[in-house]
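Here the structure comes first, spelled out in structure tokens, and everything after it is commentary.
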Amino acid sequence: MDMGSISLVLAVATTGFVASYVLLGGETVQIAHAVRKLRTFRQQNGGRRMGKLRKRADERARSARIGKEMPAFLDIVTLGLSAGLSFDSSLELYCKRYRTDLSSRLWDSMLLWRMGIQSRAEALDCMASELKVSALQRFASTVNEALAFGTPLSATLERQARVIRDEQRAMVEEEIERVPVKMLIPLGTLIVPAMLLAILGPLLGPAIGMA
């Protein structure tokens with residue numbers, strides 16, 4: 001092929017490439033842009049999903065911590081009431097002595113009703129509903145009823161603390177009872193086969209060698 005033919009082929013190829021780029025270049029850019037948007041959407045959506053899962057896990061962990069703090073909290077409030085302190089003073093005694101999630105939320109709620117933003121009943125109910133701890137919800141209901149009707153509160157809170165401890169003890173015993181069942185999986189899949197190999201291996205080795 002002579003130089004003129006080669007030049008003609010190159011010119012045709014170049015023209016075709018330029019025409020294709022002009023005709024499809026815009027669509028190619030749009031496709032690339034759409035792909036980038038899809039990738040960004042997936043990353044954002046995945047990040048939001050992980051954020052929601054992390055938030056739920058944090059809420060469950062916080063609720064578990066507050067549930068464990070409830071008996072000591074009820075004991076302190078009961079002790080303050082038995083010593084002649086008011087409910088607010090007993091609550092303040094606990095908040096100043098302890099640095100926990102529960103004391104922090106109780107202090108914020110107490111500031112709300114002391115500043116007149118909410119009533120005591122509203123602040124306690126809002127806190128209990130937000131934290132979603134059944135023991136705290138029972139405490140708020142008991143306190144609101146006792147302060148509204150003037151019934152003794154210390155004996156009721158003492159019984160509540162006893163009930164919460166019994167519930168926590170039952171949960172611990174239930175977890176202990178589940179341990180043998182959970183151990184069956186590694187026992188059946190790892191330990192037992194290893195023991196069988198250790199016992200039968202020396203016996204089967206000579207037999208296999210003789211065969």
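Treat the numbers as computed from the prediction; the structure is a model and nothing was measured. In what follows, residues are counted from 1 in the order of the sequence shown.
- Annotation: side chain of Arg120 is not in contact with side chain of Met110 (no heavy-atom distance under 4.5 Å).
- Rounded to the nearest 0.5 angstrom, Ser109 OG and Met127 CE are separated by 4.5 Å.
- Between the CG atom of Asn144 and the CG atom of Asp125 there is a distance of 5.0 Å, given to the nearest 0.5 Å.
- Residues forming a ring pair (Phe, Tyr, Trp, His ring centres under 6.0 Å) with Phe87 (at least two apart in sequence, or on another chain): none.
- Atom CZ of Arg97 has 12 or fewer heavy atoms from other residues, nucleotides or ligands within 6.0 Å.
- The distance from the CZ atom of Arg159 to the CD1 atom of Ile164 is 13.0 Å, given to the nearest 0.5 Å.
- Atom CD of Glu69 and atom CG of Leu102 lie 5.5 Å apart (nearest 0.5 Å).
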Please assess Arg165 against Asp75 for the test side chain to side chain contact (heavy atoms under 4.5 Å, CB included), listing each intermediate value before the final yes or no.
CA-CA 11 Å; Arg165 284 194 173 93; Asp75 289 342; 2.4 Å; yes
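- With respect to Glu167 and Arg138, a salt bridge is recorded, a charged nitrogen being found less than 4.0 Å from a carboxylate O.
- Considering only heavy atoms from C-beta on, Leu91 stays 4.5 Å or farther from Trp107 through its side chain.
- No donor-acceptor distance shorter than 3.5 angstrom exists from the side chain of Glu145 to the backbone of Thr142, with no hydrogens or angles considered.
- Ion pairing between a basic and an acidic side chain is recognised when a charged N comes within 4.0 Å of a carboxylate O; Glu92 and Lys96 show such pairing.
- Shortest non-hydrogen contact noted between Ala161 and Pro71 is CB-O, 4.3 Å.
- Proximity of Val163 to Gln168: side-chain heavy atoms (C-beta onward) are nowhere separated by under 4.5 Å.
- Between Phe73 and Phe139, the ring centre distance stays below 6.0 Å.
- One distance of note links CG of Leu79 with CD of Glu158; it measures 10.5 Å at 0.5 Å rounding.
- Between Val143 and Leu147 the shortest side-chain heavy-atom distance falls below 4.5 Å.
- Checked by atom type and distance alone, the side chain of Ser104 never pairs as donor or acceptor with a backbone atom of Thr100 at under 3.5 Å.
- Salt bridge annotation for Asp101-Arg62: absent, with no cationic side-chain nitrogen under 4.0 angstrom from a carboxylate oxygen.
- Here the side chains of Gln160 and Thr78 are not in contact, with every heavy-atom distance at 4.5 Å or above.
- A salt bridge links Arg105 and Glu130; the closest N-O separation between the charged side-chain nitrogens and carboxylate oxygens is under 4.0 Å.
- Tracing side-chain contacts under 4.5 Å through hydrophobic residues (I, L, V, M, F, W, Y), one never reaches Met171 starting from Leu136; they form parts of separate clusters.
- Between the side chain of Ser141 and the main chain of Gln137, no donor-acceptor pair closer than 3.5 Å is present.
- No side-chain heavy atom of Thr156 sits less than 4.5 Å from a side-chain heavy atom of Pro152.
- Annotation for Ser90 and Gly80: closest pair OG-C, 3.3 Å, computed over non-hydrogen atoms.
- No donor-acceptor distance shorter than 3.5 angstrom exists from the side chain of Gln118 to the backbone of Trp113, with no hydrogens or angles considered.
- Annotation: the span from Ile76 atom CD1 to Ser103 atom OG amounts to 11.5 Å, rounded to 0.5 Å.
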